[in-house]
Amino acid sequence: METDIDSLLETYISDLRPKAPGSPWVMLNMISSKNGLATLDGKSGPLGGAADKALFRTLRGLADVILVAAGTVRAENYSVPVITERTSLIRASQNKSPLPSLAILTNSLNLDPDSSLFASPHYRPAILTSSARPKENILSIFPNADILQTKGSRVNLNQALSDLAVTYGPVILVEGGPSLNQQLVDLDLFDEFCITISPRNSSDERSQLVTSARSYQPGKVSLDRELIVGDFVFQRLLRNRLD
């Protein structure tokens with residue numbers, strides 16, 4: 001169905017995301033080239049347009065937590081989240097924090113402590129890592145970050161999602177990259193796909209295919225709707241858990 005940007009945003013704002021208290025509702029937000037790849041010239045940003053960027057900011061405003069892998073933080077030069085005025089008012093009416101908490105998934109701690117993301121005195125991102133080896137000396141260079149650790153050689157995503165929901169709130173928006181998205185699909189740890197299909201083709205040889213409903217057997221994931229704004233297609237898919 002064809003629509004405009006304002007109607008697109010209001011549709012996503014009105015979506016229900018029911019979960020039991022303390023349980024996460026995990027949204028995977030991603031953009032795909034027309035031929036199914038996750039990047040154009042090495043980044044996801046060039047695939048987008050005005051409607052996609054507006055939806056991106058709106059979904060951020062609806063989330064309690066933004067979960068993103070460290071590689072994406074470095075590649076896309078992440079900073080303190082910016083949300084829309086509309087979702088800012090919604091957050092205030094629901095007694096949420098003014099901004100969603102950004103949680104960075106990293107086993108290596110290869111992050112820049114001097115980046116703008118960690119430099120703001122008014123915002124505390126979270127670093128989500130494992131307890132595989134002593135990291136106190138490295139973690140100490142991030143005084144303006146919350147540190148969350150799970151036991152094991154790598155981050156236990158099941159435990160991590162539960163910890164994030166309890167600590168910050170249940171709605172967790174996952175912005176990738178595609179490897180993190182695929183891990184969550186493989187572990188069946190998601191409730192919602194938000195996929196934007198760009199009109200642009202990509203020839204990035206090292207780009208991954210964007211996770212889609214094809215990762216599941218028929219009936220496991222259903223297409224909730226498909227909206228069109230200009231040349232962009234916006235799909236919302238839901239994980240069916242009736243079995």
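Just the heavy atoms: all of them, side chains too, but no hydrogens, waters or symmetry mates, feed the values below.
Applying the side-chain contact (heavy atoms from CB on, under 4.5 Å) rule to A51 yields the partners I5, L8, V229, F234; only residues at least two apart in sequence or on another chain are considered. Under the side-chain contact (heavy atoms from CB on, under 4.5 Å) criterion, T11 pairs with R225, L227, sequence neighbours left out. The side-chain hydrogen bond (donor to acceptor under 3.5 Å, both in side chains) check on D64 picks up K96, with sequence neighbours excluded. Applying the ring pair (Phe, Tyr, Trp, His ring centres under 6.0 Å) test to Y123 and every residue at least two apart in sequence or in another chain returns nothing. Evaluation of the side-chain contact (heavy atoms from CB on, under 4.5 Å) rule for S33 yields N35, L37, L47, S202 as partners, not counting sequence neighbours.
When the side chains of ILVMFWY residues are joined at heavy-atom separations under 4.5 Å, either directly or via intervening members, I228 and I31 end up in two distinct hydrophobic clusters. Criterion: ILVMFWY side-chain heavy atoms under 4.5 Å apart, direct or through other members. Under it, I195 and F56 are not part of a common hydrophobic cluster. Both V73 and L109 belong to a common hydrophobic cluster when Ile, Leu, Val, Met, Phe, Trp and Tyr are linked at side-chain heavy-atom distances under 4.5 angstrom. L187 and M30 fall within a single hydrophobic cluster, where Ile, Leu, Val, Met, Phe, Trp and Tyr are joined by side-chain heavy atoms under 4.5 Å apart, directly or via other members. If you chain together hydrophobic residues whose side chains sit under 4.5 Å apart, M1 and L238 fall into the same group.
Within the 4.5 Å cutoff, the side chain of F193 has heavy atoms near those of the V185 side chain. Residues D15 and R236 are in side-chain contact: their nearest non-hydrogen atoms beyond the backbone lie under 4.5 Å apart. Side-chain atoms of L180 and L157, non-hydrogen and from C-beta on, do get closer than 4.5 Å to each other. Looking only at side-chain heavy atoms (C-beta outward), I127 and F118 come within less than 4.5 Å of each other. Looking at F232 and R200, their side chains come closer than 4.5 Å, going by heavy atoms from C-beta outward.
At a threshold of 4.0 Å, the pair K220-D188 does not count as salt-bridged, since none of the basic side-chain nitrogens sits closer than that to a carboxylate oxygen.
Between the side chain of N144 and the backbone N or O of P121, no donor-acceptor pair lies under 3.5 Å. Without hydrogens or angle criteria, Q149 side chain to S130 main chain gives a donor-acceptor distance under 3.5 Å. A donor-acceptor pair under 3.5 Å links the side-chain atoms of R74 to the main chain of N110, judged by distance alone. Between the S207 side chain and the A38 main chain, a donor and an acceptor come within less than 3.5 Å of each other. A donor-acceptor pair under 3.5 Å is absent between the side-chain atoms of S7 and the main chain of D4, judged by distance alone. A donor-acceptor pair is defined here as one N or O able to donate and one able to accept, closer than 3.5 Å; such a pair exists between the side chain of T129 and the backbone of T106.
Between T84 atom OG1 and L55 atom CG the span is 10.5 Å, to the nearest 0.5 Å. Distance check: L237 CG to F190 CZ gives 8.5 Å after rounding to the nearest 0.5 Å. Atom CG of residue L117 and atom CZ of residue R124 lie 12.0 Å apart, to the nearest 0.5 angstrom. Remark: H122 NE2 to L99 CG distance equals 11.5 Å, nearest 0.5 Å. Note that CG of N181 and CG of D186 are 11.0 Å apart. Values are rounded to the nearest 0.5 Å. Summarising the geometry, atom CZ belonging to R57 is positioned 12.0 Å from atom CD belonging to E85; distances are rounded to the nearest 0.5 Å.
The minimum heavy-atom distance linking G61 with R91 is given by the pair O-NH1, 2.8 Å. In terms of heavy-atom proximity, A70 sits nearest to L111 at CB-CD2, 3.8 Å. Among all heavy-atom pairs drawn from V155 and T150, the shortest one is CA-OG1, 3.4 Å. Heavy atoms only, all atoms of each residue included: L102 and P81 are closest at CB-CG, 4.5 Å. The heavy-atom pair separating K151 from S131 by the smallest distance is CA-OG, 3.2 Å.
In the displayed structure, D112 atom CG is contacted under 6.0 Å by more than 12 heavy atoms of other residues, nucleotides or ligands. Heavy-atom contacts from other residues, nucleotides or ligands closer than 6.0 Å to NZ of K34 number 12 or fewer.
When each of V65, I83, L62 is checked for a side-chain contact (heavy atoms from CB on, under 4.5 Å) with P100, only I83 meets the rule.
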- Determine, stepwise, if the pair L164 / L148 fulfils side-chain contact (heavy atoms from CB on, under 4.5 Å). CA-CA 9 Å; L164 290 172; L148 301 177; 3.6 Å; yes

- Message: Could you walk me through whether L9 and R86 satisfy the side-chain contact (heavy atoms from CB on, under 4.5 Å) test, starting with their C-alpha distance in whole Å, then the side-chain angles of each, then the deciding distance to 0.1 Å, before giving a yes or no?
- Response: CA-CA 10 Å; L9 303 184; R86 175 86 164 89; over 6 Å; no

- Message: Quick one, L223 with Q235, criterion side-chain contact (heavy atoms from CB on, under 4.5 Å). Give me CA distance, side-chain angles, the key distance, then yes/no.
- Response: CA-CA 7 Å; L223 178 64; Q235 294 180 340; 4.0 Å; yes

Exercise answer: donor-acceptor pairs, residues 166-179 side-chain atoms, under 3.5 Å, sequence neighbours excluded:
{"from": "T167", "atom 1": "OG1", "to": "D163", "atom 2": "O", "distance (Å)": "2.8"}
{"from": "Y168", "atom 1": "OH", "to": "D146", "atom 2": "OD2", "distance (Å)": "3.0"}
{"from": "E175", "atom 1": "OE1", "to": "R60", "atom 2": "NH2", "distance (Å)": "3.1"}
{"from": "E175", "atom 1": "OE1", "to": "Y78", "atom 2": "OH", "distance (Å)": "2.5"}
{"from": "E175", "atom 1": "OE2", "to": "R60", "atom 2": "NE", "distance (Å)": "2.8"}
{"from": "S179", "atom 1": "OG", "to": "Q208", "atom 2": "OE1", "distance (Å)": "2.7"}

